[in-house]
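I have placed the structure first, in the form of C-alpha coordinates, so that the comments after it can refer back to it.
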Amino acid sequence: MLDKFYLNYFAIYHGASLNDLGSNYTLDRTGKMNTSQKSLLDGEITTAYMLDKNIGVGPVVPFLLIPGPGQHFVLGDAGLKLFDRKTISGNGLNVYTNLIVQAPTSTGSQDRNMSLALKTTPNVRYNVAHTNFALGAWTEAKAYLGVTKSKTFKLYAAPYVSYNLTNKLALNVEYEMEAHHYLGKPSLDFTNYQTDLQPGLVWFITPHLIFNPYVQIFTGNKITVENSALGAIVSATLL
(Lines give C-alpha, C1' and ligand atoms only; values in the text may rest on other atoms or scores of the structure.)
Protein backbone atom coordinates (compact mmCIF):
# COMPACT_ATOMS: atom_id res chain seq x y z
CA MET A 1 0.00 0.00 0.00
CA LEU A 2 2.80 2.44 0.85
CA ASP A 3 4.16 2.19 -2.70
CA LYS A 4 1.13 4.25 -3.75
CA PHE A 5 2.30 7.22 -1.68
CA TYR A 6 5.14 9.72 -2.09
CA LEU A 7 6.72 11.92 0.60
CA ASN A 8 9.61 14.31 -0.06
CA TYR A 9 11.33 17.09 1.87
CA PHE A 10 13.34 19.57 -0.21
CA ALA A 11 15.23 22.50 1.31
CA ILE A 12 17.74 25.19 0.34
CA TYR A 13 20.03 26.50 3.08
CA HIS A 14 21.03 30.15 2.79
CA GLY A 15 24.15 30.55 4.93
CA ALA A 16 26.69 33.11 6.04
CA SER A 17 29.10 35.15 3.95
CA LEU A 18 32.49 33.54 3.32
CA ASN A 19 33.94 36.65 4.93
CA ASP A 20 32.14 35.96 8.23
CA LEU A 21 31.29 32.28 8.57
CA GLY A 22 30.29 32.68 12.22
CA SER A 23 27.53 35.16 11.39
CA ASN A 24 23.84 34.37 11.94
CA TYR A 25 22.96 36.40 8.86
CA THR A 26 23.03 35.64 5.16
CA LEU A 27 23.35 37.91 2.12
CA ASP A 28 20.56 39.64 0.25
CA ARG A 29 19.87 39.12 -3.46
CA THR A 30 22.60 41.60 -4.43
CA GLY A 31 25.26 39.84 -2.33
CA LYS A 32 25.28 42.43 0.46
CA MET A 33 25.07 41.76 4.18
CA ASN A 34 21.59 42.48 5.52
CA THR A 35 21.05 42.24 9.26
CA SER A 36 17.32 41.67 8.70
CA GLN A 37 18.09 38.56 6.63
CA LYS A 38 18.95 35.64 8.91
CA SER A 39 20.39 32.36 7.71
CA LEU A 40 17.49 30.06 6.97
CA LEU A 41 16.13 26.91 5.37
CA ASP A 42 13.77 27.55 2.46
CA GLY A 43 11.95 24.26 2.06
CA GLU A 44 8.82 22.40 1.12
CA ILE A 45 7.13 19.11 1.89
CA THR A 46 5.38 17.29 -0.94
CA THR A 47 3.03 14.38 -0.35
CA ALA A 48 1.27 12.60 -3.18
CA TYR A 49 -0.81 9.64 -4.22
CA MET A 50 0.91 7.90 -7.12
CA LEU A 51 -1.41 7.21 -10.04
CA ASP A 52 1.37 5.08 -11.53
CA LYS A 53 5.11 4.76 -10.82
CA ASN A 54 5.87 8.27 -12.18
CA ILE A 55 2.66 10.34 -12.02
CA GLY A 56 1.42 11.66 -8.68
CA VAL A 57 -0.96 14.24 -7.24
CA GLY A 58 -1.08 15.74 -3.77
CA PRO A 59 -0.49 18.74 -1.49
CA VAL A 60 2.73 20.72 -1.31
CA VAL A 61 3.52 23.01 1.64
CA PRO A 62 6.42 25.50 1.33
CA PHE A 63 7.85 27.16 4.43
CA LEU A 64 10.88 28.91 5.91
CA LEU A 65 12.70 27.67 9.01
CA ILE A 66 14.64 30.46 10.71
CA PRO A 67 16.98 29.69 13.64
CA GLY A 68 17.45 31.94 16.65
CA PRO A 69 15.12 34.33 18.49
CA GLY A 70 11.94 35.48 16.77
CA GLN A 71 9.74 33.75 14.26
CA HIS A 72 11.04 30.26 13.49
CA PHE A 73 8.41 29.06 10.98
CA VAL A 74 6.99 31.08 8.09
CA LEU A 75 4.32 29.48 5.92
CA GLY A 76 4.47 29.95 2.15
CA ASP A 77 1.69 29.48 -0.40
CA ALA A 78 0.38 25.95 0.08
CA GLY A 79 -1.02 24.21 -2.96
CA LEU A 80 -1.87 21.11 -4.93
CA LYS A 81 0.73 19.55 -7.25
CA LEU A 82 0.31 17.22 -10.22
CA PHE A 83 3.65 15.86 -11.46
CA ASP A 84 5.18 13.41 -13.91
CA ARG A 85 8.74 12.39 -13.00
CA LYS A 86 9.45 11.02 -16.49
CA THR A 87 7.46 13.05 -18.99
CA ILE A 88 10.27 12.30 -21.43
CA SER A 89 12.75 9.54 -20.67
CA GLY A 90 15.25 7.71 -22.84
CA ASN A 91 18.66 7.93 -24.52
CA GLY A 92 20.12 9.74 -21.53
CA LEU A 93 17.40 12.41 -21.44
CA ASN A 94 14.90 12.88 -18.61
CA VAL A 95 12.30 15.65 -18.39
CA TYR A 96 10.23 16.20 -15.25
CA THR A 97 7.09 18.36 -15.44
CA ASN A 98 4.43 19.53 -13.02
CA LEU A 99 1.57 21.95 -12.44
CA ILE A 100 0.95 23.54 -9.04
CA VAL A 101 -2.09 25.56 -7.96
CA GLN A 102 -1.33 27.62 -4.85
CA ALA A 103 -3.59 29.38 -2.35
CA PRO A 104 -2.66 32.73 -0.71
CA THR A 105 -1.62 31.22 2.62
CA SER A 106 1.50 33.39 3.00
CA THR A 107 1.39 36.83 4.59
CA GLY A 108 3.06 38.38 1.54
CA SER A 109 0.46 37.03 -0.88
CA GLN A 110 -2.40 38.08 1.39
CA ASP A 111 -0.95 41.61 1.62
CA ARG A 112 -0.97 41.78 -2.18
CA ASN A 113 -4.55 40.40 -2.38
CA MET A 114 -3.50 37.39 -4.46
CA SER A 115 -6.47 35.15 -5.31
CA LEU A 116 -4.32 32.16 -6.32
CA ALA A 117 -1.11 31.33 -8.14
CA LEU A 118 -0.32 28.99 -11.01
CA LYS A 119 3.20 27.58 -10.93
CA THR A 120 5.32 25.05 -12.79
CA THR A 121 8.88 23.90 -12.01
CA PRO A 122 9.99 21.60 -14.85
CA ASN A 123 13.54 20.32 -14.97
CA VAL A 124 15.62 18.57 -17.60
CA ARG A 125 18.77 16.44 -17.36
CA TYR A 126 20.83 14.90 -20.14
CA ASN A 127 23.59 12.39 -19.41
CA VAL A 128 26.14 12.78 -22.18
CA ALA A 129 26.80 9.37 -23.71
CA HIS A 130 30.19 7.73 -23.05
CA THR A 131 31.28 10.54 -20.67
CA ASN A 132 30.93 11.45 -16.99
CA PHE A 133 29.21 14.72 -17.89
CA ALA A 134 25.58 15.68 -17.49
CA LEU A 135 23.81 18.86 -18.60
CA GLY A 136 20.56 20.14 -17.21
CA ALA A 137 18.43 22.99 -15.95
CA TRP A 138 16.01 23.74 -13.13
CA THR A 139 13.26 26.17 -14.15
CA GLU A 140 10.20 27.89 -12.71
CA ALA A 141 7.36 30.06 -13.99
CA LYS A 142 4.76 31.44 -11.58
CA ALA A 143 1.74 33.69 -12.21
CA TYR A 144 0.34 35.60 -9.23
CA LEU A 145 -3.35 36.12 -10.03
CA GLY A 146 -5.41 38.97 -8.62
CA VAL A 147 -2.52 40.89 -7.03
CA THR A 148 -2.97 44.62 -6.55
CA LYS A 149 0.70 45.54 -6.19
CA SER A 150 4.28 44.37 -6.76
CA LYS A 151 5.12 41.33 -8.92
CA THR A 152 2.62 39.51 -11.10
CA PHE A 153 4.92 36.91 -12.70
CA LYS A 154 8.20 35.18 -11.89
CA LEU A 155 10.65 33.51 -14.28
CA TYR A 156 13.58 31.45 -13.04
CA ALA A 157 16.22 29.28 -14.70
CA ALA A 158 19.32 27.52 -13.37
CA PRO A 159 21.28 25.67 -16.06
CA TYR A 160 24.08 23.45 -14.80
CA VAL A 161 26.97 21.20 -15.81
CA SER A 162 27.81 18.17 -13.68
CA TYR A 163 30.78 15.79 -13.73
CA ASN A 164 30.57 12.43 -11.96
CA LEU A 165 33.67 11.66 -9.89
CA THR A 166 32.10 8.39 -8.65
CA ASN A 167 28.62 6.90 -8.73
CA LYS A 168 27.88 8.82 -5.50
CA LEU A 169 29.79 12.08 -5.90
CA ALA A 170 29.74 14.74 -8.61
CA LEU A 171 31.18 18.19 -9.24
CA ASN A 172 28.50 20.69 -10.20
CA VAL A 173 28.41 24.27 -11.50
CA GLU A 174 25.07 26.05 -11.74
CA TYR A 175 24.08 29.58 -12.78
CA GLU A 176 20.88 31.04 -11.35
CA MET A 177 18.80 33.71 -13.08
CA GLU A 178 15.54 35.20 -11.82
CA ALA A 179 13.37 37.99 -13.24
CA HIS A 180 10.02 39.50 -12.21
CA HIS A 181 7.19 41.26 -14.00
CA TYR A 182 5.54 44.02 -11.96
CA LEU A 183 1.97 45.31 -11.97
CA GLY A 184 1.45 48.14 -14.45
CA LYS A 185 4.46 47.28 -16.60
CA PRO A 186 4.18 46.21 -20.29
CA SER A 187 3.61 42.47 -20.71
CA LEU A 188 7.19 41.63 -21.72
CA ASP A 189 8.89 44.10 -19.38
CA PHE A 190 10.74 41.91 -16.86
CA THR A 191 13.12 43.25 -14.20
CA ASN A 192 16.22 41.28 -13.24
CA TYR A 193 15.92 40.15 -9.63
CA GLN A 194 19.04 38.06 -9.00
CA THR A 195 21.91 36.27 -10.71
CA ASP A 196 24.53 34.07 -9.09
CA LEU A 197 26.99 31.27 -9.77
CA GLN A 198 27.02 28.11 -7.62
CA PRO A 199 30.04 25.79 -7.80
CA GLY A 200 29.69 22.81 -5.50
CA LEU A 201 29.44 19.08 -4.91
CA VAL A 202 26.48 16.73 -5.23
CA TRP A 203 26.58 13.75 -2.86
CA PHE A 204 24.11 10.95 -3.57
CA ILE A 205 24.16 9.55 -0.04
CA THR A 206 21.45 7.04 -0.99
CA PRO A 207 19.14 6.91 -4.02
CA HIS A 208 16.61 8.83 -1.89
CA LEU A 209 18.89 11.26 -0.02
CA ILE A 210 20.89 13.95 -1.83
CA PHE A 211 23.14 16.62 -0.30
CA ASN A 212 24.49 19.47 -2.46
CA PRO A 213 26.77 21.98 -0.65
CA TYR A 214 27.95 24.94 -2.72
CA VAL A 215 29.33 28.46 -2.68
CA GLN A 216 26.86 31.10 -3.88
CA ILE A 217 28.73 33.82 -5.77
CA PHE A 218 26.49 36.82 -6.47
CA THR A 219 27.28 38.21 -9.92
CA GLY A 220 25.18 41.39 -9.85
CA ASN A 221 28.08 43.33 -8.30
CA LYS A 222 31.84 42.99 -8.09
CA ILE A 223 32.69 39.40 -7.14
CA THR A 224 34.45 39.20 -3.78
CA VAL A 225 34.69 36.82 -0.82
CA GLU A 226 32.48 39.23 1.11
CA ASN A 227 29.58 38.92 -1.35
CA SER A 228 29.80 35.14 -1.61
CA ALA A 229 27.98 32.82 0.78
CA LEU A 230 27.67 29.20 1.80
CA GLY A 231 24.61 27.33 0.63
CA ALA A 232 23.30 23.80 0.40
CA ILE A 233 20.41 21.78 -0.99
CA VAL A 234 18.94 18.72 0.72
CA SER A 235 16.41 16.39 -0.88
CA ALA A 236 15.05 13.46 1.12
CA THR A 237 12.41 11.12 -0.27
CA LEU A 238 10.88 9.14 2.59
CA LEU A 239 8.28 7.22 0.60
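Throughout, numbering of the chain's residues begins at 1 and tracks the sequence. Predicted, not measured: the structure shown is a model, and the values here were computed from it.
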Ignoring hydrogens and geometry, is there a side-chain-to-backbone donor-acceptor pair from T105 to A78 under 3.5 Å?
yes
Residues in salt bridge (Lys or Arg N to Asp or Glu O under 4.0 Å) with E140, at least two apart?
K119, K154
Do side-chain atoms of S115 reach the backbone of L145 as a donor and acceptor pair under 3.5 angstrom?
yes
Can you tell me how far CG of L64 sits from NE2 of H72, rounded to the nearest 0.5 angstrom?
13.5 Å
Which is it for S39 and Y25 under the side chain to side chain contact (heavy atoms under 4.5 Å, CB included) test, yes or no, and what are the steps along the way?
CA-CA 5 Å; S39 298; Y25 298 96; 5.6 Å; no
Is the shortest side-chain heavy-atom distance between V101 and L118 below 4.5 Å?
yes
Enter the distance from L41:CG to I233:CD1 here, rounded to the nearest 0.5 Å.
11.5 Å
Under 3.5 Å donor-acceptor pairs involving side-chain atoms of residues 156-165, not counting sequence neighbours:
from, atom 1, to, atom 2, distance (Å)
Y156, OH, E176, OE2, 2.6
Y160, OH, R125, NH1, 3.3
S162, OG, L171, O, 3.3
Y163, OH, N132, ND2, 3.4

Any side-chain to backbone donor/acceptor pair from T139 onto T121? Under 3.5 Å, distance only.
no
Per-pair distances, 0.1 Å, donor-acceptor, side chain in residues 211-226, under 3.5 Å, sequence neighbours excluded:
from, atom 1, to, atom 2, distance (Å)
N212, ND2, L201, O, 2.7
Q216, NE2, D196, OD2, 3.3
T219, OG1, Y175, OH, 3.4
T219, OG1, T195, O, 3.2
T219, OG1, T195, OG1, 2.7
N221, ND2, T30, O, 2.8
T224, OG1, E226, N, 3.3
T224, OG1, N227, N, 3.2
T224, OG1, N227, OD1, 3.3

Taking only residues two or more places apart in sequence or in another chain, which ones pass ring pair (Phe, Tyr, Trp, His ring centres under 6.0 Å) with Y144?
none
Would you call K142 and Q102 a side-chain contact if the rule is heavy atoms closer than 4.5 Å?
yes
For residues R112 and S150, report the shortest heavy-atom separation together with the two atoms involved.
CD-CB, 3.5 Å
If you measure from CG on L135 to OH on Y126, what distance do you get to the nearest 0.5 Å?
8.5 Å
Ring pair (Phe, Tyr, Trp, His ring centres under 6.0 Å) filter on Y49, not counting sequence neighbours, yields F5
What distance separates L230 CG from L27 CG, expressed to the nearest 0.5 Å?
9.5 Å
Report, one line per pair, each donor and acceptor closer than 3.5 Å where one atom sits in a side chain of residues 7-14; sequence neighbours left out.
from, atom 1, to, atom 2, distance (Å)
N8, ND2, S235, OG, 3.3
N8, ND2, A236, O, 3.2
N8, ND2, T237, OG1, 3.0

Are any of the side-chain heavy atoms of I66 and V74 separated by less than 4.5 Å?
yes
Shortest non-hydrogen contact from S17 to M33?
CB-CE, 4.3 Å
In one Ile/Leu/Val/Met/Phe/Trp/Tyr side-chain cluster, 4.5 Å: L51, L80
yes
Are L238 and V57 in one and the same hydrophobic cluster, where Ile, Leu, Val, Met, Phe, Trp and Tyr link if side-chain heavy atoms are under 4.5 Å apart?
yes
Quick one: are F73 and L65 in side-chain contact, heavy atoms under 4.5 Å?
yes
Under the criterion side-chain hydrogen bond (donor to acceptor under 3.5 Å, both in side chains), I'd like the reasoning laid out for T97 against D84: C-alpha separation, chi angles, the key distance, then a yes or no.
CA-CA 6 Å; T97 59; D84 185 347; 5.2 Å; no
Out of curiosity, does V128 fall in the hydrophobic cluster containing L169 (side-chain heavy atoms, cut-off under 4.5 Å, transitive links)?
yes
As an exercise, state the distance from CZ of F190 to NE2 of H181, rounded to the nearest 0.5 Å.
6.0 Å
Check whether any side-chain N or O of R85 sits under 3.5 Å from a backbone N or O of K53 as a donor-acceptor pair, and report yes or no.
yes
Would D77 and M114 count as a side chain to side chain contact (heavy atoms under 4.5 Å, CB included) here? Give the steps.
CA-CA 10 Å; D77 291 327; M114 188 183 87; 3.7 Å; yes
A quick test of your reading: do over 12 heavy atoms of other residues, nucleotides or ligands sit less than 6.0 Å from NZ of K149?
no
Main-chain N/O of D20 paired to S23 side chain as donor or acceptor, under 3.5 Å
no
Does atom CG of D52 have more than 12 heavy-atom neighbours from other groups under 6.0 Å away?
yes
Begin from the C-alpha positions of N167 and F204 and carry the test side chain to side chain contact (heavy atoms under 4.5 Å, CB included) through to its verdict.
CA-CA 8 Å; N167 62 347; F204 301 92; over 6 Å; no
Interatomic distance, K185 atom NZ to K151 atom NZ [nearest 0.5 angstrom]
16.0 Å
Same cluster (ILVMFWY, side-chain, under 4.5 Å), L99 and V124
no
